[in-house]
Amino acid sequence: MFTNKIVILAIESSCDDTGASIIIDGKVKSNCIATQTIHDQYGGVIPEVASRQHQQNIVPVVDKAITEAGITLQDISAIAFTRGPGLLGSLLVGVSFAKALAMSLDIPLIEVHHMQAHILAHFAMDKKPEFPFLCLTVSGGHTQIVLVRDYLDMEILGQTIDDAAGEAFDKAGKLLGLPYPAGPHIDKLARNGKPVYSFPIPNIPELNFSFSGFKTSVLYFLQKNVQNNPNFIKENLENLCSSIQNTIIVILLKKLELAIKLHKVDTIAMAGGVSANSGLREALLQFGRTNHKKIFIPAFEYCTDNAAMIGITGYYKYLKGDFAELSVSPDPRMKM
Ligand code: KG4
Ligand code: ZN
């Protein structure tokens with residue numbers, strides 16, 4: 001039925017979301033996800049639990065993606081999968097599944113770098129950025145400024161030397177007693193608060209970031225105030241969330257501004273789970289208006305982990321004939 005079309009089945013299993021997607025000729029036909037809420041009670045992702053959950057979810061999620069796209073297994077031209085970076089046990093489930101299915105269908109395999117895919121999520125959208133562009137990639141495990149010259153030609157200009165921006169949200173939120181992952185909770189609470197508290201902005205050279213000092217300063221600030229008033233957090237939760245979010249936004253945009261100055265690029269994009277943050281989205285759009293830059297922010301479903309971004313990346317690798325060996329294995333620390 002789809003003989004003249006490139007049909008990619010994509011699989012994402014790098015952390016705690018099992019995703020499957022069908023991409024036909026570079027367009028998203030289905031994008032299914034099973035989010036693991038089991039980790040919420042532990043305040044973070046438990047690797048072994050995540051891998052067992054992927055094992056349970058992968059077949060139903062792939063089945064759903066195929067059904068929603070209205071195709072059959074025989075229509076698939078290639079299988080793209082996340083090779084890394086990520087949790088070994090989680091990656092293993094997706095990689096093994098992709099290899100076995102590719103072998104049984106006698107079709108090629110395409111390995112995908114998870115962070116490259118976050119950036120290429122922009123090409124799942126109708127409005128696509130033009131090359132070259134700078135991408136601020138902010139997720140639970142990474143914080144990077146990337147110069148994107150072409151679909152598969154990217155250079156990391158700077159990155160975090162310790163915690164990622166998503167981790168800063170999650171760890172600060174944990175100190176406030178918010179559930180994991182705290183990023184979306186802080187986002188929601190911050191809307192009714194004001195950034196009345198200030199935390200120090202780290203002075204890190206060049207285009208690199210640091211968030212570990214920020215987390216410590218939030219901890220000391222809370223300890224000091226809770227000592228004077230045991231209800232301090234409860235009484236000031238919205239303002240605390242607004243202040244935490246505002247500081248993270250200032251840290252991110254300060255470096256982005258420097259990157260633009262150094263690299264003279266007019267198109268700016270944002271990617272990764274933290275780009276779902278409404279305060280950051282608004283601040284970046286405002287930054288674009290003030291500095292006359294074109295700003296690209298993906299739809300929410302393409303910000304956090306999803307398989308459509310893996311499939312879009314897989315599509316561009318397919319066009320280049322960039323296929324993986326059947327002996328490929330996960331690479332938890334995969335370099336971009
Ligand atoms: O990209 P992602 O889904 O997974 C990784 O590759 O890490 O990012 C997850 C991170 C978590 O730290 C989560 O708290 C954060 O993205 N996040 C947010 C929001 N939605 C997700 N942080 C702030 N505001 C949000 N609305
Ligand atoms: Zn991610």
Side-chain angles (χ1 to χ4, degrees), residues 10-19 21 31 33-37 39-40 43-45 47 50 54 81-87 90-91 94 112-122 124 135-144 146 159-160 163-176 178-191 193 209 211 214-215 241-249 251-252 269-284 297-310 312-313 332-334 336:
I11 290 162
E12 154 63 26
S13 73
S14 64
C15 189
D16 58 341
D17 293 312
T18 320
S21 168
N31 184 26
I33 194 130
T35 301
Q36 305 179 4
T37 50
H39 306 283
D40 300 5
V45 176
H54 282 304
F81 64 93
T82 305
R83 185 176 175 207
L87 300 170
S90 291
L91 291 166
V112 171
H113 189 288
H114 182 84
M115 297 314 292
Q116 199 169 40
H118 266 302
I119 296 172
L120 293 184
H122 284 279
C135 189
L136 174 67
T137 315
V138 273
S139 74
H142 293 80
T143 299
Q144 300 175 330
V146 182
Q159 58 191 323
T160 182
D163 290 352
E167 254 176 305
F169 269 106
D170 297 338
K171 287 179 177 172
K174 197 171 179 178
L175 296 173
L176 298 176
L178 298 174
Y180 177 86
H185 297 280
I186 292 183
D187 187 353
K188 213 166 151 194
L189 288 158
R191 282 175 215 164
F209 299 90
F211 286 99
F214 165 72
K215 177 194 63 192
C241 287
S242 173
S243 307
I244 286 166
Q245 178 171 298
N246 187 58
T247 308
I248 295 173
I249 293 173
I251 294 173
L252 293 172
M270 182 161 69
V274 179
S275 59
N277 183 269
S278 56
L280 180 58
R281 292 167 87 93
E282 186 43 46
L284 186 61
I297 305 174
F300 288 109
E301 65 176 312
Y302 301 134
C303 288
T304 44
D305 287 349
N306 66 88
M309 67 184 195
I310 306 300
I312 293 287
T313 310
R333 291 180 210 284
M334 192 173 178
M336 200 153 97

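Side-chain atoms are counted along with the backbone in the values below, which use heavy atoms only and exclude waters and symmetry mates. Whatever order the structure lists them in is the order used to number ligands and atoms, beginning at 1.
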Trainee: What are the atoms of ligand 1, with element, lying closer than 4.0 Å to any heavy atom of Gly166?
Mentor: 12 (O)
Trainee: Would you name the heavy atoms of Pro298 and Met270 that are closest together and state the gap between them?
Mentor: CD-O, 3.0 Å
Trainee: Determine which of the N, O or S atoms in Asp305 is closest to the Zn ion (ligand 2) and give its atom name.
Mentor: OD1
Trainee: Under the criterion side chain to side chain contact (heavy atoms under 4.5 Å, CB included), I'd like the reasoning laid out for Cys241 against Leu178: C-alpha separation, chi angles, the key distance, then a yes or no.
Mentor: CA-CA 10 Å; Cys241 287; Leu178 298 174; 4.2 Å; yes
Trainee: Can you tell me which residue and heavy atom of the protein come closest to atom 15 (C) of ligand 1, and the distance to 0.1 Å?
Mentor: Val274 CG2, 4.0 Å
Trainee: In terms of residue, atom name and distance, what is the protein heavy atom nearest to atom 13 (C) of ligand 1?
Mentor: Asp170 OD1, 3.9 Å
Trainee: Against ligand 1, does Gly141 come closer than 4.0 Å with any heavy atom?
Mentor: yes
Trainee: Whether the side chain of Thr82 engages the backbone of Glu12 through a donor-acceptor N/O pair (distance < 3.5 Å, no angle test) should be reported.
Mentor: no
Trainee: Return yes if some donor-acceptor pair links the side-chain N/O of Arg83 with the main-chain N/O of His113 below 3.5 Å, else return no.
Mentor: no
Trainee: Is Asp305 reaching over with its side chain to a backbone N or O of Asp17, donor-acceptor style, under 3.5 angstrom?
Mentor: no
Trainee: Please list the nearest protein heavy atom to atom 24 (N) of ligand 1 with its residue and the distance rounded to 0.1 Å.
Mentor: Asn277 ND2, 3.0 Å
Trainee: Using the salt bridge (Lys or Arg N to Asp or Glu O under 4.0 Å) rule, take Arg191 and Asp187 through it: C-alpha gap first, then chi angles, then the decisive distance, then the call.
Mentor: CA-CA 7 Å; Arg191 282 175 215 164; Asp187 187 353; 3.3 Å; yes
Trainee: CG/Leu120 to CD1/Ile312 distance, rounded to the nearest 0.5 angstrom?
Mentor: 8.5 Å
Trainee: To the nearest 0.5 angstrom, please state how far the CG atom of Leu252 sits from the OG1 atom of Thr143.
Mentor: 6.5 Å
Trainee: For ligand 1, which atoms sit closer than 4.0 Å to a heavy atom of Ala276?
Mentor: 20 (N), 26 (N)
Trainee: Which is closest to atom 7 (O) of ligand 1 by heavy-atom distance: Gly140, Pro181, Ser275?
Mentor: Gly140
Trainee: Would His118 count as a contact residue for ligand 1, given that I'm defining contact as a non-hydrogen atom of the residue lying under 4.0 Å from a ligand atom?
Mentor: yes
Trainee: Suppose we measure from atom 2 (P) of ligand 1 to each protein heavy atom; which comes out shortest, and what is that distance?
Mentor: Asp305 OD1, 3.4 Å
Trainee: Between Thr18 and Gln36, is any pair of side-chain heavy atoms under 4.5 Å apart?
Mentor: yes
Trainee: Is His114 close enough to the Zn ion (ligand 2) to have an N, O or S atom under 2.8 Å?
Mentor: yes
Trainee: Which distance, rounded to the nearest 0.5 Å, do you find between the NZ of Lys171 and the CG of Leu176?
Mentor: 14.5 Å
Trainee: Pull out every atom of ligand 1 sitting under 4.0 Å from any heavy atom of Asp187, numbered as shown with elements.
Mentor: 24 (N), 25 (C), 26 (N)
Trainee: At what distance is the nearest protein heavy atom to atom 17 (N) of ligand 1, and which residue and atom is it?
Mentor: Gly273 O, 3.6 Å
Trainee: What is the closest protein heavy atom to atom 22 (N) of ligand 1, and at what distance does it sit?
Mentor: Gly183 CA, 3.4 Å
Trainee: Should His114 be listed as contacting ligand 1, given a heavy-atom distance under 4.0 Å as the test?
Mentor: yes
Trainee: When you measure from the Zn ion (ligand 2) to the N, O or S atoms of His142, does any of those distances fall below 2.8 Å?
Mentor: no
